[in-house]
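Please read the structure below before turning to the comments.
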Amino acid sequence: AMLDTAITELPEGCFDLDPLQEEILRKPLPLMLESGSGTGKTNVLFQHAVAYAHKVRDRDDGNRCICFVTVSPRLRRELHQRYNNIEKMEKVALPTIKFYSLRELLGDLLSFAKSDKNVSVS
């Protein structure tokens, strides 16, 4: 989830959006999108993440990390590659976005919890 003001401008290299998606993209955050397969939820959220990365780039203190979670490992890889391509096209460093599939994120959280001696995992 991103908790910031509305996005007003999209960076180069993002997906084309239809008018309804454009309207959703301009809504104030946080956003939660629920809809059927193939309706563009990921496109809208990805563009929010990229626009947010641009917005925070100049005030990045090195500790900021954006987390993007999707169900599909294949989609996670594709989005990560697209983000890298945007960085290359713009020739500017952007804040880190950690792309996870849901399974990867849950696995990492479980590993972290198991490594923490103060946390009991059954």
Side-chain angles (χ1 to χ4, degrees):
M2 294 172 289
L3 304 171
D4 210 327
T5 58
I7 302 301
T8 57
E9 183 177 311
L10 293 177
E12 290 184 37
C14 285
F15 307 96
D16 289 331
L17 299 177
D18 65 32
L20 181 57
Q21 292 169 328
E22 286 279 349
E23 182 182 332
I24 294 168
L25 184 67
R26 308 270 184 259
K27 298 279 185 193
L29 298 172
L31 275 180
M32 180 178 162
L33 303 181
E34 183 178 8
S35 190
S37 298
T39 56
K41 298 176 301 292
T42 301
N43 291 345
V44 172
L45 293 173
F46 178 74
Q47 291 193 93
H48 256 294
V50 172
Y52 183 76
H54 278 86
K55 184 176 182 175
V56 300
R57 175 184 59 221
D58 297 329
R59 62 180 188 212
D60 188 15
D61 59 8
N63 296 321
R64 185 180 308 271
C65 181
I66 300 165
C67 183
F68 191 104
V69 182
T70 186
V71 174
S72 163
R74 181 174 156 216
L75 184 55
R76 181 212 41 91
R77 287 189 299 273
E78 183 179 329
L79 293 173
H80 185 244
Q81 184 60 49
R82 285 179 187 247
Y83 187 69
N84 289 340
N85 290 343
I86 289 169
E87 253 188 326
K88 289 175 189 172
M89 282 187 329
E90 296 183 0
K91 297 180 175 92
V92 64
L94 292 172
T96 300
I97 294 182
K98 297 290 277 183
F99 291 90
Y100 288 99
S101 70
L102 183 58
R103 174 177 245 161
E104 292 165 337
L105 178 64
L106 294 175
D108 284 358
L109 291 172
L110 183 59
S111 295
F112 176 77
K114 286 180 177 178
S115 69
D116 187 345
K117 304 299 182 215
N118 297 321
V119 176
S120 173
V121 179
S122 7

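Because only heavy atoms are used, hydrogens play no part in the values below, and waters and symmetry mates are left out as well, while side chains stay in. As the structure is a computational prediction, the values presented were derived from the model and not from experiment.
Side-chain heavy atoms closer than 4.5 Å link hydrophobic residues (I, L, V, M, F, W, Y) into clusters, and following such links, even through other members, never connects Leu109 to Phe68. Hydrophobic clustering, with ILVMFWY side chains joined whenever heavy atoms are under 4.5 angstrom apart, keeps Leu110 apart from Leu105.
Put simply, the side chain of Arg77 reaches to within 4.5 Å of the side chain of Pro73, judged on heavy atoms.
No side-chain N or O of Gln47 forms a donor-acceptor pair with one of Asn43 less than 3.5 Å apart.
Contact detail for Leu79 and Thr42: the closest heavy-atom pair is CD1-CG2, 3.7 Å. Between Val71 and Ser101 the shortest heavy-atom distance is O-CB, 3.8 Å.
Ring geometry, Phe46 versus Phe99: the interplanar angle falls from 30° to 60°, so the pair is classed tilted.
For the side-chain hydrogen bond (donor to acceptor under 3.5 Å, both in side chains) with Glu78, the qualifying choice from His80, Gln81, Arg82 is Arg82, the only one to do so. Val69 pairs with exactly one of Leu106, Leu45, Leu102 by the side-chain contact (heavy atoms from CB on, under 4.5 Å) rule, that one being Leu102.
In this structure a side-chain-to-backbone donor-acceptor pair under 3.5 Å is present from Lys41 to Gly36. Side-chain N or O atoms of Thr39 include none that pairs as donor or acceptor with a backbone N or O of Ser35 at under 3.5 Å.
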